Amino acid sequence: MRCIILIALVMLSLRAAAQVSMTVQLPPTGVMQKAQLWNILLVSAAASPIRVHLAVRVTDAQTNQPILTGVSRTVTLNKGAKQVQIGDVSPVTYEYLSPTADRSANGLLTAGTYLACYSVMQEAGDASTLIAEDCLPFAVEPVSPPILNSPANESVVEGNLPQFTWLPPAPLTIFSDLNYNFTIVELRNGQSAAEAIQQNIPVYRSVHNKNMFVNYPVSAVALDTSKKYAWTVIANNGNQFAAQTEVWTFNISNVQPDKIITEEAAYVQLKRGLDAPLITCSGTPMMQVITP
């Protein structure tokens, strides 16, 4: 008798599974709110209403580290199609498995590549039976990549220790650990700037920068006035690629900037106020108070 009951339950669950299909409606790339995880189309072919709840598990596609799980409230499916959104499944019970996960109700997922796996569980008394499941990859990317600022594209730079600056990607709220990789390569004859970045050995490379600028160091290979250089910046979220700038080029001017002429016996007049004169000196500065 127990065997018959068990077989009947198994057949019932298989029948229910064949009668419910699920289509997850996630954008493949872009900025994504946590609420968008629950855009799902459910189709039931069952003759009578069934009670189900939905579960999702989001993992990092590169490291397989779990990010969060979510379980919906009970939803009643009638025969036919039902478009489910966050309002239909709220309140959702979340479990956050990564410190980078945004815990706010309308929080954004951080930049990266993910795998979202869904399950539809049919409720019968205190028991739950899996009747449909699906997994879908997606990527969270900034709306705007970082943008190079200076030196301008195809410009001629004075001095062989230039400063490079750029603007951050947007929106910043999708980054939990925003950092930049900065690269300069020599641009050879017949190469495009993009080819040079991909193929040539870097003249200078700096990784995991938190600032939006890099000062070319004195200790690096000296930049040659007879050569052309290409540079780019990659934005990362932690160790994961997020976005890349365009590739710009520049030359070093063969005209050296004028030397600063210093006076040995120069005086600076200080007065009460909000102005802040900048003074450059060598040795120990001396102060002398002259009363009118």
Side-chain angles (χ1 to χ4, degrees), residues 26-37 39 58-63 65 67 98-102 104 106-116 136-157 162-188 191-217 220 223 228-251:
L26 287 180
T29 59
V31 176
M32 186 178 300
Q33 284 187 319
K34 193 166 51 179
Q36 291 177 265
L37 293 171
N39 292 341
V58 179
T59 58
D60 189 306
Q62 289 191 344
T63 64
Q65 177 187 358
I67 304 299
S98 171
T100 62
D102 190 336
S104 59
N106 296 316
L108 296 174
L109 297 178
T110 56
T113 54
Y114 299 95
L115 183 67
L136 191 69
F138 67 95
V140 177
E141 298 178 352
V143 175
S144 171
I147 300 173
L148 300 182
N149 184 33
S150 66
N153 191 27
E154 299 184 353
S155 62
V156 178
V157 179
Q163 183 185 71
F164 301 87
T165 64
W166 56 90
L167 303 177
L172 287 174
T173 51
I174 70 171
F175 294 94
S176 58
D177 181 16
L178 178 60
N179 62 89
Y180 304 96
N181 292 350
F182 169 82
T183 304
I184 297 179
V185 300
E186 180 186 339
L187 183 64
R188 302 194 180 104
Q191 278 187 322
S192 67
E195 288 174 341
I197 287 292
Q198 292 178 355
Q199 299 174 8
N200 299 350
I201 297 175
V203 174
Y204 176 71
R205 190 167 186 264
S206 178
V207 299
H208 215 275
N209 295 296
K210 293 292 187 177
N211 298 317
M212 291 178 290
F213 64 88
V214 165
N215 294 316
Y216 195 82
L223 299 178
K228 193 170 188 176
Y229 297 94
W231 66 292
T232 191
V233 173
I234 292 176
N236 302 304
N237 189 37
N239 295 322
Q240 191 170 76
F241 171 86
Q244 183 174 355
T245 66
E246 298 178 318
V247 182
W248 282 7
T249 62
F250 68 95
N251 292 84

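Bear in mind that the values here come from a model prediction, so they are computed numbers and not experimental data.
- Checked against the 6.0 Å centroid criterion, the rings of F164 and Y180 do not qualify as a close aromatic pair.
- Under the salt bridge (charged side-chain N to carboxylate O under 4.0 Å, His left out) criterion, E141 pairs with no residue, sequence neighbours left out.
- Judged purely by atom type and a 3.5 angstrom limit, T245 uses its side chain to pair as donor or acceptor with the backbone of V233.
- Residues N106 and S104 form no side-chain contact, since every pair of their non-hydrogen atoms from C-beta on lies 4.5 Å or further apart.
- Legend: residues meeting side chain to side chain contact (heavy atoms under 4.5 Å, CB included) with P27, ordered by chain and number and at least two apart, are M32, Q36.
- Residues satisfying the side-chain hydrogen bond (donor to acceptor under 3.5 Å, both in side chains) test with E246, not counting sequence neighbours, are W248.
- The minimum heavy-atom distance between E186 and Q191, with the atom names listed, is O-OE1, 4.1 Å.
- Between atom OG1 of residue T113 and atom CZ of residue F241 there is a gap of 11.0 Å, rounded to the nearest 0.5 Å.
- In plain terms, the two heavy atoms of P202 and V185 that are nearest each other are CA-CG1, 3.7 Å.
- Annotation: side-chain hydrogen bond (donor to acceptor under 3.5 Å, both in side chains) contacts of Q62 (sequence neighbours excluded): Q240.
- Annotation for P168 and M212: closest pair CD-SD, 3.2 Å, computed over non-hydrogen atoms.
- Applying the side chain to side chain contact (heavy atoms under 4.5 Å, CB included) rule to D177 yields the partners N179, H208, K210, N237; only residues at least two apart in sequence or on another chain are considered.
- A side-chain contact (heavy atoms from CB on, under 4.5 Å) with S98 is found for exactly one of V58, D60, I67, namely I67.
- By the side chain to side chain contact (heavy atoms under 4.5 Å, CB included) test, T59 pairs with R57, P66, L115, sequence neighbours left out.
- Rounding to the nearest 0.5 Å places OG1 of T183 at 11.5 Å from CG of N200.
- Applying the side-chain hydrogen bond (donor to acceptor under 3.5 Å, both in side chains) test to S206 and every residue at least two apart in sequence or in another chain returns N209.
- Under a cut-off of 6.0 angstrom, the local environment of CD1 in I201 is sparse, with at most 12 non-hydrogen atoms contributed by other residues, nucleotides or ligands.
- Under the side chain to side chain contact (heavy atoms under 4.5 Å, CB included) criterion, P142 pairs with P169, I174, F175, A243, sequence neighbours left out.
- Using the six-membered ring where Trp is involved, F182 and W231 have ring planes that are tilted, between 30° and 60° apart.
- Distance OH/Y229 to CG/N251: 9.0 Å, rounded to 0.5 Å.
- K228 is linked by a side-chain hydrogen bond (donor to acceptor under 3.5 Å, both in side chains) to nothing, counting only residues two or more places apart in sequence or in another chain.
- Distance OG1/T173 to CG/L108: 4.5 Å, rounded to 0.5 Å.
- In this structure, the ring pair (Phe, Tyr, Trp, His ring centres under 6.0 Å) partners of F138, at least two apart in sequence or on a different chain, are Y114.
- Here T63 contributes atom OG1 and N239 contributes atom CG; the two are 10.0 Å apart, rounded to the nearest 0.5 Å.
- Side-chain contact check for K34 versus D102: every heavy-atom pair is 4.5 Å or farther apart.
- Applying the side-chain hydrogen bond (donor to acceptor under 3.5 Å, both in side chains) rule to pairs touching residues 142-154 yields N149-T165, S150-T165, sequence neighbours excluded.
- Pairing each heavy atom of I197 with each of A230, the nearest pair is CD1-O, 4.0 Å.
- No donor-acceptor distance shorter than 3.5 angstrom exists from the side chain of N211 to the backbone of F213, with no hydrogens or angles considered.
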